[in-house]
Engineer: 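One structure, pasted below without further comment.
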Amino acid sequence: TAPSRHRPSPRCWKAPAGPIPDGMNPEPIGILAAIPVKPFGVAKARLSTQLSPEQRARLGKAIAARTAILSRQAGADVVIVTGDDGVAEWATALGFVVLPEGPVASLEGAARTVAETAAAGGRRWVVVHADLPLATAGDLRIAFAAATEGALVVPSHDGGTNLLAGSDPAFPFAYGTGSFHRHLAASPRAAVIAHPRLAMDLDTPADLAFARHAKGGSWLTPFLQPHL
């Protein structure tokens with residue numbers, strides 16, 4: 001399905017010419033893509049009716065690693081943002097730079113740290129949710145390319161925000177229910193890319209059931225077994 005794009009401004013954004021092969025490493029695009037990651041022991045709490053703590057931890061590690069690797073394949077400079085030592089060790093072992101999330105342990109706090117860090121280096125920033133089970137490197141490459149030209153908001157299927165990009169170090173991050181509209185109101189000239197694979201995240205048992213049976217979601221199944 002082709003992504004839909006909207007920018008309420010005279011300047012039109014164009015997708016890169018030609019397909020982006022998944023698994024390939026295109027030329028770097030010079031954007032800082034930050035992936036906030038919670039401690040794996042507390043991640044995916046809303047899936048506790050379906051998965052054990054061990055299963056949730058395995059799933060959290062797997063999906064965060066997948067998102068980070070695909071983001072790097074898509075040409076971004078990737079950092080993992082966390083305040084947890086265990087997550088930091090995990091990210092370092094995978095070869096990713098770790099950025100401490102700052103004094104406020106929240107998604108907003110992590111995002112603010114990213115925005116300030118990127119702005120200090122004269123760079124644009126992208127905050128990418130860790131749990132994008134159906135996203136491909138090609139999907140992310142298109143989003144990152146759009147983000148190099150201006151602010152960008154990618155909604156989740158339930159009205160949240162799965163990817164947010166800009167250059168303002170003081171952007172008013174406001175995640176949670178309905179955050180897509182809050183972020184768009186804060187950046188009314190932002191581009192919007194609505195794509196079912198980028199919109200899908202894993203918050204609820206219904207999300208998990210849909211994703212594991214969707215095209216490209218079969219990789220989830222081994223991580224849902226009691227024992228690997």
Side-chain angles (χ1 to χ4, degrees), residues 1 3-9 13 31-38 43-47 60 63-64 66-68 70-71 74 76 78-82 99 101-102 104-119 124-136 139-204 206-208 210-211:
T1 304
S4 61
R5 300 181 293 274
H6 170 65
R7 182 190 296 278
S9 74
W13 179 80
I31 199 162
L32 181 67
I35 303 174
V37 179
K38 295 179 181 179
K44 305 300 175 193
R46 283 187 280 180
L47 298 179
I63 197 168
R66 181 182 185 276
T67 300
L70 290 176
S71 295
V78 179
V79 298
I80 303 298
V81 189
T82 188
L99 183 65
E101 70 180 358
V104 180
S106 66
L107 185 52
E108 287 83 2
R112 280 193 292 271
T113 298
V114 171
E116 291 167 359
T117 300
R124 302 190 66 81
W125 47 263
V126 183
V127 180
V128 184
H129 267 20
D131 58 335
L132 300 179
L134 303 181
T136 69
D139 298 335
L140 291 167
R141 176 69 176 188
I142 289 172
F144 295 160
T148 64
E149 298 189 15
L152 172 70
V153 188
V154 176
S156 66
H157 68 97
D158 58 358
T161 306
N162 278 352
L163 190 149
L164 183 62
S167 59
D168 183 1
F171 185 85
F173 297 98
Y175 288 98
T177 303
S179 67
F180 167 68
H181 292 290
R182 290 192 295 275
H183 289 145
L184 192 59
S187 186
R189 293 176 66 85
V192 174
I193 295 181
H195 190 290
R197 290 192 296 264
L198 291 177
M200 189 67 220
D201 53 15
L202 289 184
D203 285 332
T204 67
D207 294 339
L208 181 60
F210 178 87

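Numbers here are sequence positions counted from 1.
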Engineer: With sequence neighbours excluded, what pairs up with D203 under the salt bridge (charged side-chain N to carboxylate O under 4.0 Å, His left out) test?
Structural biologist: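 Salt bridge (charged side-chain N to carboxylate O under 4.0 Å, His left out) list for D203, sorted by chain: R46.
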
Engineer: Would you say the side-chain atoms of T161 pair up with the backbone N or O of P155, donor to acceptor, closer than 3.5 Å?
Structural biologist: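 Absent.
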
Engineer: Within this structure, what is the OG-CG distance for the pair S187 and D168, rounded to the nearest 0.5 Å?
Structural biologist: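 So the gap between those two atoms works out to 8.5 Å.
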
Engineer: Give me the one residue out of L132, V79, V78, I31 that meets side chain to side chain contact (heavy atoms under 4.5 Å, CB included) with S71.
Structural biologist: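 So the option named by the test is V78.
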
Engineer: Should F144 and V126 count as side-chain neighbours, where that means a heavy-atom distance under 4.5 Å?
Structural biologist: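 Result yes, sub-4.5 Å side-chain heavy-atom pair found.
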
Engineer: Could you tell me if the side chain of M200 sits less than 4.5 Å from the side chain of P133, heavy atoms only?
Structural biologist: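 Heavy-atom side-chain distance check passes, below 4.5 Å.
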
Engineer: Once the angle between the rings of H183 and F171 is folded into 0 to 90°, is it parallel (under 30°), tilted (30 to 60°) or perpendicular (over 60°)?
Structural biologist: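 Taking F171 first and then H183, their aromatic rings sit tilted (interplane angle of 30° to 60°).
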
Engineer: Show your reasoning for whether side chain to side chain contact (heavy atoms under 4.5 Å, CB included) applies to F180 and N162.
Structural biologist: CA-CA 9 Å; F180 167 68; N162 278 352; over 6 Å; no

Engineer: What closest approach, in Å, do A186 and P188 show between heavy atoms, and which atom pair accounts for it?
Structural biologist: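 Heavy atoms of A186 and P188 come nearest at C-CD, 3.6 Å.
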
Engineer: Does any pair with a residue in residues 125-134 pass salt bridge (Lys or Arg N to Asp or Glu O under 4.0 Å), and if so which ones, sequence neighbours excluded?
Structural biologist: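 Every salt bridge (Lys or Arg N to Asp or Glu O under 4.0 Å) pair that includes a residue of residues 125-134, provided the two are not neighbours, is K44-D131.
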
Engineer: For the side chain of E108 and the backbone of Y175, is there at least one donor-acceptor N/O pair under 3.5 Å apart?
Structural biologist: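 Checked: pair present.
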
Engineer: Can a donor-acceptor pair be found, under 3.5 Å and without considering hydrogens, that links the side chain of R189 to the backbone of A151?
Structural biologist: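 Judged by distance alone, no pair lies under 3.5 Å.
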
Engineer: Is there a donor-acceptor contact under 3.5 Å from the side chain of R124 to the main chain of A118?
Structural biologist: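 Checking the backbone N and O of A118 against the side chain of R124, no donor-acceptor pair under 3.5 Å is found.
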
Engineer: With no hydrogens and no angle check, is any side-chain donor or acceptor of R197 less than 3.5 Å from a backbone partner on T136?
Structural biologist: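 Side chain of R197 to backbone of T136: no pair is present.
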
Engineer: Determine the sole option in D139, L134, L163, I142 for which the side chain to side chain contact (heavy atoms under 4.5 Å, CB included) test with L198 is passed.
Structural biologist: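 Among the candidates, only D139 passes.
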
Engineer: Taking side chain to side chain contact (heavy atoms under 4.5 Å, CB included) as the definition, give me every residue that meets it alongside H181, ordered by chain and number, with sequence neighbours left out.
Structural biologist: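 Side chain to side chain contact (heavy atoms under 4.5 Å, CB included) check on H181 returns nothing, list empty.
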
Engineer: For the pair T67 (side chain) and A64 (backbone), establish whether a donor and an acceptor sit closer than 3.5 Å, ignoring hydrogens and angles.
Structural biologist: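 Looks like no, no N/O pair under 3.5 Å.
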
